[in-house]
Undergrad: 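Mind looking over this structure? Questions follow.
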Amino acid sequence: MTHAAIDAYDAAAVERKWQARWERDGTNHTDVHAGVRPYYTLMMFPYPSAEGLHVGNLFAFTGNDIHGRFQRQQGHTVFEPMGYDAFGIHSENYALKLGVNPMELIPKNIDNFRRQLKRAGLMIDWRYELSTTDSRYYKWTQWLFLQLFKRGLAYQKRAAVNWCPVDKTVLANEQVIAGECERCGAKVEQRFLEQWFFRITDYAGRLLENLDNLDWSESTKAAQRNWIGRSEGAEIVFQVHDYFEIAGAASVAPGTSEMPTAPTDIQVFTTRPDTVFGATYLVLAPEHPLVERITTDEERSSVLEYRARTSKQDVVARKVTKDKTGVFTGAYAMNPATGEPIPIWIADYVLMEYGTGAIMAVPGHDERDFEFAKTYGLPIKRVVAAAGATEHTPLAEAYTDSEDPARLVNSGRFNGLPVSEAKEAIVTWLEEHGRGRAIVNYRLHDWCISRQRYWGPPIPIVYCEKCGTVPVPESDLPVELPKVEDFRPDDSGISPLARVESWYRVKCPNCGGTARRETDVSDTFLDSSWYYLRYPSVPRDDVAFDPVLTDKWLPVDSYIGGNEHAVLHLLYSRFITMVLHDTGLVPFEEPFAKFRAHGTIVRDGAKMSKSRGNVVNPDEHIEQWGADSFRAYLMFLGPYEEGGDFQDRGISGVKRFLDRLWTSSIEAQRTGDGDPAVMRKLHKTIRKVTEDVPTLNYNTAIAAMMEYMNALRAGERTPHINETAPLVQLVAPFAPHIAEELWERFGHKRSVFDSGWPAFDPELAADELITMAVQVNGKTRGTIQVAPEVTQEGALAAAMADAAIARFVATDPARVIFVPGRLLNIVVGGR
RNA sequence: GCGGGAGUGGCGGAAUUGGCAGACGCGCUGGACUUAGGAUCCAGUGCCGAAAGGCUUCCGGGUUCGAGUCCCGGCUUCCGCACCA
């Protein structure tokens, strides 16, 4: 190292100084009560893993921080809080691995996170920090559960659930990825357990419809639409008889017989009610409750055997093997359209979780049914034909078209109708005869929120021998999670808390009799479904969220996070907010006015992973380059909403830029005006940055500032303070420490973040002379320097005066295209 | 299979939305200053060509005075969901 000039840019020293100063002066404090033009900028809070802050976290937070700092410079009172999603399997598993109680481990991780976050120079008001593991927080998570319980939106049912044999817990559908546990990758099994559910399906329609009016990334909205999975169709009732009864009823046409709904009637869901005449058999999911009832004695053993076999099968095996298997139950149902008896099968290609767990099989017009029918020799009947085909045209494969030329055949009075009309007509007909109705079905399932684990908020329910299921009174909250030595989950399907008798044995809040607590804890996604409501009210212990503050700060103005939460956290949060709205507790239905998904960072073109050993450690880079350079580089390496490729040596470019900013500012002349040409460039730059920051185009904003820096220093001139000071304000959101330091050195007493935002003069930002492209027959042949307001004649004259251009124009132009201020195209020759 | 993206120099990426393709940065080449350079500064840098010029945004068509951008067909790739009836 050479002997540094006295005023060389020492990033570490500058950053230390300003972080201390911000803390001392409360620069980042938000007056949540009196602040004017409130702007709530939120980032998805991290779960405090032991590895510390991931560069992906920092990428997300920095992008949000820049947005927040910019809004503050625009005159808003900005609220930028931070917290920790510290309950849950990820945290608990790490504690298990180390053999340390999470109650000791997690606070240490949080301390480490806080240290790293402070070092990154985020504009966080630390007075509003929260952790979901704090009983002052989860008290209100439990309260939230009780609000849903009161409204009948929390209920218990014994259900087939996804069970992870490694994590030893139930998983929500959203946590099962391709049949494997999202966390550990183990194959998920099916188990039957008594579970708590939230009725999110009641809100499916609203969750879907509201999406249209949300200012969210399109990809996120698409993912939610996909997940909610609305499909229009019909529910159709198939009456079950034993074989002999049906033989007598076969000739009875719909409407002429009375068909009371019997307990054995089978309801199916279909999106193609128009094909009901082609339903040649029924299929029930193996675990369908009616299976036992309808199975005949002859078939009982094979049905039971099949059931046992498929239930043991893990989800993966079932999905990978496309081969259809199934067995006949021995029972028949009547096709309500044809009056004919059709056999009832069970097969694992029908899922209990979707629709009614039963389908009418139309092998002629459904690929899966066709394959199954082929395998088991079941009849295939054509009921739809396109032009050129008749009812007798054989089907080599399922004909699934439902578009215009497709018309009904073999369907009695509905023959000849186009599919779309037939759908309606047949549903109406079935409805008139009490055999069906139009319904909308959703793919979305109710949200299973119980977890048989230790590290979560206990579900605030007590089971009394006399009173049954009793909610814990709100005044008794929180139900504290006890510190237990043995917090290991086991195979029993019950939580480790069930081993702590002193904790679960309680008196009934109703009658004082013998009772026991619910020993399951709630899903981490419940913790994170409402934290944004809590932030402004963190100091309050008497309410979950203060109504006045909620009204002032919410909905969140800008929410930034990863798209991996597109259907988990974001959907649950919307649901919870809707419930609170319906309860009258919040005045809005949607929690996040604006959401943008940030991209992901890869390193040297490859995904970062511990096994590859290419994980970026923020600490190291901040140590080497400083937080300002690191922040700015993260924002520069690619478009924020797409992410980019982290290349270690790339940081040097941004560092050089800050070095030059430093030198230019320190050396800047303090008297007189700036150079007119440079000032023009400055105003252009202000305009560009002002446009790019709100739209998260951070990479191009930085590029514009670099370009300006090049102009500022061209020819090794000494810049003027009028040229550099506004640049410092523009840089401030990206590199807050150096900006504060330089701003102070310019002689300002207040923070640069309270200095406002430089305005640009549109006239100055416009060019005096522009370079206009001149094309001949669409090919660029040269450029001309002209005034921006030049006319076509003027531009043409200037172009023809340029010999290099004129030589391509042999004859008089046949046509001239003139785009004012941009381009001149001279068309000569033919045409 | 369904849904959402993306294909541009050696690399990361720009392109006012149909108007000079390659901004900005990395890297590379040359030079200056240096005992030294993984520091700093200056110049150059899409490809072919000595030049004139030609070619160039995954491939093939089309629309247009003009296409990275719009239309049709195909290929590659990333991400979600996936036996959803």
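All chains are named by letter (A, B, ...) in the order of the sequence lines, taking the proteins before the strands, and each is independently numbered beginning at 1.
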Undergrad: Rounding to the closest angstrom, what is the interatomic distance between B/U69 and B/A21 at atom P?
TA: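 Straight-line distance between the two P atoms is 14 Å.
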Undergrad: In terms of heavy-atom contacts, does CD of A/Q785 have more than 12 from other residues, nucleotides or ligands at under 6.0 Å?
TA: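 Count over threshold, so yes.
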Undergrad: What form does the base of B/G9 take, syn (within 90° of 0) or anti?
TA: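 Syn, which is what one calls it when the glycosidic angle falls within 90° of 0.
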Undergrad: Could you give the CG-to-P distance, from A/L769 to B/C20, as a whole number of Å?
TA: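 Distance check: A/L769 CG to B/C20 P gives 19 Å.
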Undergrad: Take atom CD in A/E367; do more than 12 heavy atoms of anything else shown fall under 6.0 Å from it?
TA: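 Atom CD in A/E367 is not crowded, with 12 or fewer foreign heavy atoms closer than 6.0 Å.
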Undergrad: For A/D648, enumerate each residue passing the salt bridge (charged side-chain N to carboxylate O under 4.0 Å, His left out) test, keeping only those at least two apart in sequence or located in another chain.
TA: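 Expected list: A/R603.
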Undergrad: Pick the C1' atom in B/G10 and in B/G22, then give their distance to the nearest Å.
TA: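 It works out to 14 Å between them.
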Undergrad: Between B/C11 and B/G27, how far apart are the two C1' atoms, rounded to whole Å?
TA: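 The same atom, C1', in both gives a distance of 7 Å.
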Undergrad: Which whole-number value in Å describes the distance from A/L571 CG to B/C81 P?
TA: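 Distance, rounded to whole Å: 13 Å.
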Undergrad: Would you mind reading off the distance between A/H445 atom NE2 and B/C81 atom C1', rounded to a whole angstrom?
TA: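 After rounding, the gap between these two atoms is 13 Å.
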Undergrad: State which residues pass ring pair (Phe, Tyr, Trp, His ring centres under 6.0 Å) with A/W625; sequence neighbours excluded, sorted by chain then number.
TA: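 Expected list: none.
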Undergrad: A/K221 has an atom NZ; how far is it from atom P of B/G80, in whole Å?
TA: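 So the NZ-P distance, A/K221 to B/G80, works out to 22 Å.
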Undergrad: So is A/R443 actually on top of A/W227's ring, under 6.0 Å and inside 45° of the axis?
TA: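 So A/R443 does make the cation-pi contact.
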Undergrad: A/T780 side chain N/O closer than 4.0 Å to the phosphate oxygens (OP1, OP2) of B/G66?
TA: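 The answer is no; no side-chain N or O of A/T780 sits under 4.0 Å from OP1 or OP2.
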Undergrad: In Watson-Crick or G-U wobble terms, both distances under 3.5 Å, what is the partner of B/G18?
TA: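 Partner of B/G18: none.
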Undergrad: Would A/F734 and A/Y698 count as a ring-ring contact (aromatic ring centres under 6.0 Å, His included) if you check the C-alpha gap in whole Å, the side-chain angles of each, and the deciding distance to 0.1 Å?
TA: CA-CA 9 Å; A/F734 298 87; A/Y698 297 141; 5.8 Å; yes
Undergrad: Out of B/A14, B/C20, B/A85, which has the shortest distance to the side chain of A/L823?
TA: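 Of all the options, the side chain of A/L823 is nearest to B/C20.
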Undergrad: Walk me through it: do A/N563 and A/S217 pass the test side chain to side chain donor-acceptor pair (under 3.5 Å)?
TA: CA-CA 9 Å; A/N563 229 355; A/S217 304; over 6 Å; no
Undergrad: Minimum heavy-atom separation for A/M44 to A/G561, with atom names?
TA: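 Where A/M44 meets A/G561 most closely, the heavy atoms are SD-CA, 3.6 Å.
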Undergrad: If the C1' atom of B/C59 is compared with that of B/A52, how far apart are they to the nearest Å?
TA: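 Each nucleotide's C1' atom is 31 Å from the other's.
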Undergrad: With a 3.5 Å limit on both atom pairs, tell me what B/U40 is paired to, counting Watson-Crick and G-U wobble, or say none.
TA: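 Its partner is B/A32 (Watson-Crick or G-U wobble, both distances under 3.5 Å).
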Undergrad: Which nucleotide in the set B/C20, B/G12, B/G53 lies at the smallest distance from any side-chain heavy atom of A/L637?
TA: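 Of the candidates, B/G12 comes closest.
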Undergrad: Given B/G53, B/G19, B/A85, identify the nucleotide with an atom nearest to the side chain of A/T271.
TA: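 Out of B/G53, B/G19, B/A85, the nucleotide with an atom closest to A/T271's side chain is B/A85.
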Undergrad: In sequence, state the C-alpha distance, the side-chain angles, and the governing distance for A/L637 and A/D645, and then conclude on side chain to side chain contact (heavy atoms under 4.5 Å, CB included).
TA: CA-CA 7 Å; A/L637 54 70; A/D645 194 356; over 6 Å; no
Undergrad: Between A/K779 and B/C55, does any side-chain N or O lie under 4.0 Å from OP1 or OP2?
TA: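 Answer is yes, contact under 4.0 Å.
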Undergrad: When the P atoms of B/C70 and B/G18 are considered, how many whole Å apart are they?
TA: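 The same atom, P, in both gives a distance of 8 Å.
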Undergrad: To the side chain of A/D366, which of B/A85, B/U16, B/C65 is closest?
TA: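 Nearest to the side-chain atoms of A/D366, counting from C-beta on, is B/A85.
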Undergrad: What integer number of Å spans the P atoms of B/G38 and B/G31?
TA: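 Comparing P positions in B/G38 and B/G31 gives a spacing of 16 Å.
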Undergrad: Mind checking who B/G80 pairs with, Watson-Crick or G-U wobble, both distances under 3.5 Å?
TA: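 By the stated definition (distances under 3.5 Å), B/C2 pairs with B/G80.
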Undergrad: Just call it for A/T783: base, sugar-phosphate, or nothing, with non-hydrogen atoms closer than 4.0 Å on any strand.
TA: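 If one applies the 4.0 Å heavy-atom cut-off, A/T783 turns out to touch a base.
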Undergrad: Please classify the nucleic acid contact of A/D604 as base, sugar-phosphate, or nothing, using heavy-atom distances under 4.0 Å.
TA: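 A/D604: no heavy atom of the nucleic acid under 4.0 Å.
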Undergrad: Checking all strands, does A/R230 fall into the base, sugar-phosphate, or nothing category for heavy-atom contacts under 4.0 angstrom?
TA: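 No contact.
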Undergrad: How many Å lie between CG on A/L824 and P on B/G18, as a whole number?
TA: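 Rounded to whole Å, this separation is 21 Å.
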Undergrad: For A/I817, answer base if it contacts any base atom (sugar-phosphate contacts may also be present), sugar-phosphate if it contacts only those atoms, and nothing otherwise; contact means non-hydrogen atoms under 4.0 Å.
TA: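 Base contact.
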Undergrad: Where do N or O atoms of nucleotides 49-51 of chain B meet protein N or O atoms at under 3.5 Å, pair by pair?
TA:
none

Undergrad: Quote, to the nearest angstrom, the C1' distance that separates B/C33 from B/C42.
TA: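 To the nearest whole Å, 11 Å.
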Undergrad: For A/Y376, give me all partners under ring pair (Phe, Tyr, Trp, His ring centres under 6.0 Å), at least two apart in sequence or on another chain.
TA: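 Listed in chain order: A/W345, A/F372.
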Undergrad: Need the pair for B/U64. Rule: Watson-Crick or G-U wobble, both distances under 3.5 Å, any strand; none if unpaired.
TA: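 Across any shown strand, B/U64 pairs with none.
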Undergrad: Which listed nucleotide (B/G53, B/C65, B/A85) is nearest to the side chain of A/R781?
TA: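 Nearest listed nucleotide: B/G53.
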Undergrad: Check whether any side-chain nitrogen or oxygen of A/R443 sits under 4.0 Å from OP1 or OP2 of B/G3, and answer yes or no.
TA: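 A/R443 to B/G3 OP1/OP2: no side-chain N or O under 4.0 Å.
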Undergrad: Contact class for A/T600 (heavy atom, under 4.0 Å): base, sugar-phosphate, or nothing?
TA: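 No contact.
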Undergrad: Does the side chain of A/R807 get closer than 4.0 angstrom to OP1 or OP2 of B/G53 through an N or O atom?
TA: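 Yes, because at least one side-chain N or O of A/R807 sits under 4.0 Å from OP1 or OP2 of B/G53.
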Undergrad: How many Å lie between CG on A/N825 and P on B/G66, as a whole number?
TA: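 Rounded to whole Å, this separation is 8 Å.
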Undergrad: Does B/U45 pair with anything, Watson-Crick or G-U wobble, both distances under 3.5 Å, and if so, with which nucleotide?
TA: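 B/G27 is the nucleotide pairing with B/U45.
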Undergrad: For B/G53 and B/C58, measure between their C1' atoms and round to the nearest Å.
TA: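 Roughly 27 Å separates the two C1' atoms.
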Undergrad: Ignoring hydrogens and geometry, is there a side-chain-to-backbone donor-acceptor pair from A/R631 to A/P733 under 3.5 Å?
TA: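 Checked: pair present.
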Undergrad: Using a cut-off of under 3.5 Å, enumerate the N/O to N/O pairs linking the protein to nucleotides 25-33 of chain B.
TA:
unit_1: B/G25; atom_1: OP1; unit_2: A/N710; atom_2: ND2; d: 3.3
unit_1: B/C26; atom_1: OP1; unit_2: A/R656; atom_2: NE; d: 3.1
unit_1: B/C26; atom_1: OP1; unit_2: A/R656; atom_2: NH2; d: 2.5
unit_1: B/C26; atom_1: O2'; unit_2: A/R649; atom_2: NE; d: 3.2

Undergrad: What is the distance, rounded to the nearest whole Å, between atom CD of A/E367 and atom P of B/C2?
TA: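 Spelled out: CD on A/E367 to P on B/C2 is 10 Å.
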Undergrad: Need the glycosidic conformation of B/U17: syn if within 90° of 0, anti if not. Which one?
TA: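 Syn.
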Undergrad: Side chain of A/T700, heavy atoms from C-beta onward: which of B/C65, B/A14, B/U16 has the nearest atom to it?
TA: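 That would be B/A14.
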Undergrad: Between A/F59 and A/Y640, does the ring centroid distance fall short of 6.0 Å?
TA: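 Yes, the ring of A/F59 comes within the 6.0 Å limit of the ring of A/Y640, centre to centre.
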Undergrad: Roughly, in whole Å, what's the span from CD in A/E642 to C1' in B/G80?
TA: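 Distance, rounded to whole Å: 17 Å.
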Undergrad: Heavy atoms only, 4.0 Å cut-off, all strands: where does A/D645 land among base, sugar-phosphate and nothing?
TA: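 Sugar-phosphate, no base atom in range.
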Undergrad: Could you tell me the Watson-Crick or G-U partner of B/U69, where both distances fall under 3.5 Å? Say none if there is no partner.
TA: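 Because no pair has both required distances under 3.5 Å, B/U69 counts as unpaired.
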Undergrad: Mapping A/G782 and A/T356 onto RNA chain B by nearest heavy atom, which one lands closer to the 5' end?
TA: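 So the residue in question is A/G782.
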Undergrad: Nearest to the side chain of A/S219, heavy atoms from C-beta on, is which of B/C20, B/A85, B/G4?
TA: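 The answer is B/G4.
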Undergrad: With sequence neighbours left out, write down each residue that passes ring pair (Phe, Tyr, Trp, His ring centres under 6.0 Å) with A/H621, or none if nothing qualifies.
TA: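 A/H621 satisfies ring pair (Phe, Tyr, Trp, His ring centres under 6.0 Å) with A/F630, A/F646 only.
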